[in-house]
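The figures that follow rest on heavy atoms only: side chains count, while hydrogens, waters and symmetry mates do not. We count ligands from 1, going down the list as the structure has it; atoms in each ligand are counted the same way.
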Amino acid sequence: MFLRRFNRIVSYIRLRCISQPTIKKSILLLLCVSLVTLWILVYYVSNTSFPQERNVELQTDIQCKLLPHASFASQDKHKLTGSFNVKAKALIFIESSLSKPGQQILSLLVAQKFRYHTEIANSKNLPSLSSSGHGLFSIIIFENLDVYINLDQWNRELLDKYCLEYSVGVLLFTTTKDETLFSEQVGNFPLFMHSNLGLRDYELNPNSDVLYITRPGETLYGYLPGFDWTVFQTNHSTYEAIAYARTSTMEYVNLGYPQLLHTTVLLDRGYLDGIRRIFFGNGLKFWLHNLLFLDSLSYLSHGRLSLGLERYIQIDIDDIFVGATGIRMKVSDVEALIQHQDEMQAQIPGFHFNLGFSGKFLHSGSDQEDDGDDALLVNAHRFWWFPHMWNHMQPHLYSNETALRTEMVRNRQFAKDYSIPVEKFYSVAPHHSGVYPIHTQLYEAWRKVWNIRVTSTEEYPHLRPAIKRRGFIHRNIMVLPRQTCGLFTHTLFMNKYPGGRSKLDASIHGGELFMIVVNNPINIFMTHLSNYGNDRLALYTFKSVIKFVQCWTNLQFISIPPLELANKYFSLYPEEKDPIWQNPCDDKRHLAIWSENKSCDRLPKFLVIGPQKTGTTALYSFLSMHPSIMSNFPSTKTFEEVQFFSGANYHRGIDWYMEFFPLPNNSSTHYVFEKSATYFDNHQVAERAYAMLPRARIVTILLSPSKRAYSWYQHMRAHADPTALNYSFFEVVSALEGAPKAVRDLQNRCLRPGMYAEHLDRWLSYYPPNQLLILDGELLKNDPVSVMNKVQRYLKIKPFYNYEQHLKFDSKKGFYCQILPEGKTKCLGKSKGRNYPIMDSQSQKFLQQYYKQHNIELFKLLSRLGQQLPEWLQDELQVI
Ligand SMILES: Nc1ncnc2c1ncn2[C@@H]1O[C@H](COP(=O)(O)OS(=O)(=O)O)[C@@H](OP(=O)(O)O)[C@H]1O
């Protein structure tokens, strides 16, 4: 295109210039040539992708007075004297599952990892508020103040009683219905509100005890978002303003109110009825309200819903030495980095930039950039370092551990050659590959070559939403969630920043990046080498966000080495240690960073979950006879059962689990299944199974719970369990709390699985009812053909297998068995269908009583699901 334009210009010059008298012609020609040269120069400069001139003026414009800390609230004022037994959990009344303000409240709770329960505001009854002397909620939140005010008397009294008894506060948001100005009294409170105002110049009350994270002292000048603000007016001493602003609404300005401060967030100290409340005259769309909301949570819950003020920060600079010529760091960039680090160290004890290197790319830039590489190496001792891969390749692309180790050893040798200090036990995999979904080889190689104990990723459980990221521990490596600061490998210049400087600044000034720091006690930020060359956007970003945090919050930044940081993380969130494996094929990004030789077809399509002693082995063997159905390969330890989701095996990971299933072949008709009878009543299995196999069908078998309990007892006797041998069945099932532990354990294994409704409810809280098949264990014994037909129809398995021709009652065994080609039968082993005396009548009566309520619940559940009631259940209900 450039050439075409150039030719056009030359012909233009020829046409215009050559036909004039000679002198004139020469002058004109000279002029034309100069013009063309200039034009070419301008064209060339503006159209090449050469790096731009650095914007040296990248200074943060955040200013504040930074008043001394002593005058600010301490969390002691949020703590309570006296002991109240209340859970750290919020109860929220939302307008609907789609309401935007409600979603904003919930996402802030999710981001803070606070537990909560939502109720739709128009539900007639309150949920249970307490249980056996325990308060179930430490704060009550209403998305809409009107709902609280208009609660019927009965519910309001119940709620007030709860709040008084457990010293629980109420947080209320106003909502506006139309756009006209209106004023009204708030319920029967000596309080008035004026709604639909525009406001400006926001201030905080420096004397408010509610402020904790939020730092008062500054006025936020300018107009506040929206014209739907509500302000509060009162003369009563129970009320105290937490925040106020001036109005910009003309009607009020004309009334002479512009100089008055109107209360936007108000505390009711409870002097009237003993209940503390905080009223918000707007939702959470204004950034400062996010902080005030968090402080209100902490204040009203007496510090139970509070993350504290410490914020740990680690800034990783990935891709050291990696990067195209023209976008790498030069010597001056390295100097700026060091200077910046020095400044940050003065504010953040222990702070070091954490540099991740791939040695292969040393000196692969321009001469100036190669000097920059050298400057980094000369100053290596000033930074923390961590290894990337030697050649920056994604670990999952290495199919074997040896190849990975070879790469890592090269990088380790590089570190040695250049005296790079690498003893922080931390590493990051390029492009997050291999960390999650797990590439076992990476974990092994990391451990062997580098003794890595900590890594971080943005991918677990998914990239988005970022507020849901969590950590886990696998193979003794602690995986921490990573945050991004909004800079990527391609964000090099401020004037090319997507959305412009205002976008980046908005993220810093109370927006996304600021809230990341507020929401996460531990922040690991990902940046890249290229963010420190060019316009040094990373230096600008961190300097600005740190300053902004200091101006508006009492948060304190701290830096500790990665291993200590990881230990800190899991001491804060011990419940995250256990990973939750998900199907990598359910997330495009996960699939892209999962090893090529893995396949989601190597996972079961249905699970037989038990419970134990209901005929699960018979079902397993009948299913395995079907030409289109295939079970897992046997385990050397637990035989036909893999028992992956229910025990320690889960920590071996998805690769380990997949090894139990055949590689997919051409016959896609194969229905691969897994049977582990321990799954049914284990409280973790439904969640884990659903996370990995959300589309799987779940098959369960139910049998009279009393018979099941007795069968288990006989099973334990047959296995010479001393407790089962020394105690009668009745002694075991009727054992009281003080009985020996072994008896109580056996009692538990006999009785708990039979609480069918409770366990099924848990499964149904994950899987939809149409994915659950409930089979009758008595029918499986007496008429297995009908049961197997039901299973085939339910799973839509083809070809339809005629079990009539393949199963036969074996009178010697007393059960149905498989017919072999030569006509003989193959029955299950001795341990299935044992001979033992019938249950004594005392135990029978005891268990009838014991399971009475559980069976009623099962009846209700099956009726709700539209399922046929098994005969044994009808019998047991009749006895009741
Ligand atoms: N066809 C056939 N053959 C043998 N046994 C059969 C069959 N169908 C159902 N049953 C009943 O299955 C009971 C054992 O249940 P499980 O296989 O689930 O037991 S286990 O949890 O795997 O140990 C077993 O319990 P016990 O009678 O107590 O041994 C049997 O009653």
Side-chain angles (χ1 to χ4, degrees), residues 607-626 631-632 634-635 637-643 646-647 673-682 685 698-721 724 729 732-733 746 748-754 756 759 773-791 803-804 806-820 824-839 843-844 847 870-872:
L607 298 177
V608 177
I609 59 170
Q612 287 168 309
K613 308 318 289 180
T614 55
T616 55
T617 317
L619 180 65
Y620 173 87
S621 86
F622 299 162
L623 285 166
S624 305
M625 288 160 58
H626 196 294
S631 73
N632 52 278
S635 149
K637 294 222 171 97
T638 45
F639 313 106
E640 84 270 11
E641 299 200 348
V642 185
Q643 298 185 359
S646 53
F673 80 101
E674 190 229 326
K675 177 285 257 201
S676 293
T678 48
Y679 288 171
F680 179 78
D681 53 294
N682 181 300
V685 173
I698 306 298
V699 181
T700 178
I701 312 169
L702 304 184
L703 185 74
S704 155
S706 315
K707 278 195 189 172
R708 200 217 68 83
Y710 189 50
S711 172
W712 180 256
Y713 172 78
Q714 293 298 344
H715 171 97
M716 294 308 279
R717 278 178 74 88
H719 281 80
D721 174 64
F729 182 56
V732 171
V733 290
L746 180 58
N748 202 31
R749 289 309 308 147
C750 285
L751 299 179
R752 261 202 68 74
Y756 294 144
H759 301 303
L773 177 67
I774 301 172
L775 299 176
D776 178 352
E778 282 301 333
L779 213 57
L780 183 66
K781 275 186 210 166
N782 305 327
D783 183 9
V785 173
S786 74
V787 172
M788 295 316 292
N789 287 348
K790 183 175 175 180
V791 174
Y803 278 97
E804 196 82 62
H806 299 278
L807 291 177
K808 172 168 135 186
F809 186 77
D810 184 306
S811 47
K812 202 163 148 224
K813 176 77 180 169
F815 285 93
Y816 275 81
C817 302
Q818 181 182 359
I819 305 172
L820 294 175
K824 284 189 187 160
T825 52
K826 185 181 157 209
C827 299
L828 296 185
K830 271 198 292 212
S831 64
K832 312 292 160 184
R834 291 191 173 98
N835 280 319
Y836 42 78
I838 58 161
M839 198 193 307
S843 298
Q844 273 182 37
L847 290 175
E871 241 174 67
W872 60 261

Where does Thr616 meet ligand 1, judged by heavy-atom distances below 4.0 Å: at the side chain, the backbone, both, or neither?
-> both

Counting distance only, does the side-chain N/O of Tyr836 pair as donor-acceptor with the main-chain N or O of Ala718 below 3.5 Å?
-> no

Going by distance only, is there an N or O of Gln612 that falls short of 3.5 Å from an N or O of ligand 1?
-> no

Would you please test Glu804 and Asn789 for side-chain contact (heavy atoms from CB on, under 4.5 Å) and show each step?
-> CA-CA 10 Å; Glu804 196 82 62; Asn789 287 348; 5.9 Å; no

Please assess Ile701 against Thr616 for the test side-chain contact (heavy atoms from CB on, under 4.5 Å), listing each intermediate value before the final yes or no.
-> CA-CA 7 Å; Ile701 312 169; Thr616 55; 4.0 Å; yes

Which of the ligand 1 atoms, numbered from 1, are nearer than 4.0 Å to a heavy atom of Thr617 = 16 (P), 17 (O), 18 (O), 22 (O)

Backbone of Ala677 reached by a side-chain donor or acceptor of Glu641 within 3.5 Å | yes

For ligand 1, find out whether one of its N or O atoms is nearer than 3.5 Å to an N or O atom of Ala618.
-> no

Would you call Asp681 and Arg749 a salt bridge, using N to O less than 4.0 angstrom?
-> yes

In Å and rounded to the nearest 0.5 Å, what is the CG to OG distance from Leu847 to Ser706?
-> 4.5 Å

Looking only at protein heavy atoms, what sits closest to atom 25 (O) of ligand 1 is Ser711 OG, 3.6 Å

Checking side-chain contact (heavy atoms from CB on, under 4.5 Å) for the pair Met788/Tyr816: CA distance, chi angles, key distance, verdict?
-> CA-CA 12 Å; Met788 295 316 292; Tyr816 275 81; over 6 Å; no

Would you say Lys813 and ligand 1 have an N/O pair spaced under 3.5 Å apart?
-> no

Report yes or no: does Glu640 contribute a side-chain atom to a donor-acceptor pair with the main-chain N or O of Lys675 at less than 3.5 Å?
-> no

Is there a heavy atom in Tyr836 that sits closer than 4.0 Å to ligand 1?
-> yes

for atom 1 (N) of ligand 1, nearest protein heavy atom and its distance come out as Tyr816 O, 3.0 Å

Could you tell me whether some N/O pair between Gly615 and ligand 1 is separated by less than 3.5 angstrom?
-> yes

Provide, to 0.1 Å, the distance between atom 20 (S) of ligand 1 and the closest protein heavy atom, together with that atom's residue and name.
-> Lys832 NZ, 3.4 Å

Minimum-distance protein heavy atom relative to atom 29 (O) of ligand 1 = Gly833 N, 2.8 Å

Which ligand 1 atoms, with their elements, are less than 4.0 angstrom from a heavy-atom of Thr614?
-> 15 (O), 18 (O)

Can you tell me which residue and heavy atom of the protein come closest to atom 7 (C) of ligand 1, and the distance to 0.1 Å?
-> Phe815 CD2, 3.4 Å

Could you tell me the separation between the NE2 atom of His806 and the SG atom of Cys817, rounded to the nearest 0.5 Å?
-> 15.0 Å

Does a donor on one side chain sit under 3.5 Å from an acceptor on the other, for Thr825 and Lys808?
-> no

Do any nitrogen or oxygen atoms of Glu640 lie less than 3.5 angstrom from nitrogen or oxygen atoms of ligand 1?
-> no

Nearest protein heavy atom to atom 9 (C) of ligand 1, by residue and atom, and its distance?
-> Lys781 CG, 3.5 Å

Do any nitrogen or oxygen atoms of Glu641 lie less than 3.5 angstrom from nitrogen or oxygen atoms of ligand 1?
-> no

What is the distance from atom CD of Glu871 to atom CG of Leu779, rounded to the nearest 0.5 Å?
-> 8.5 Å

Closest protein heavy atom (residue, atom, distance) for atom 21 (O) of ligand 1 = Lys613 N, 2.9 Å

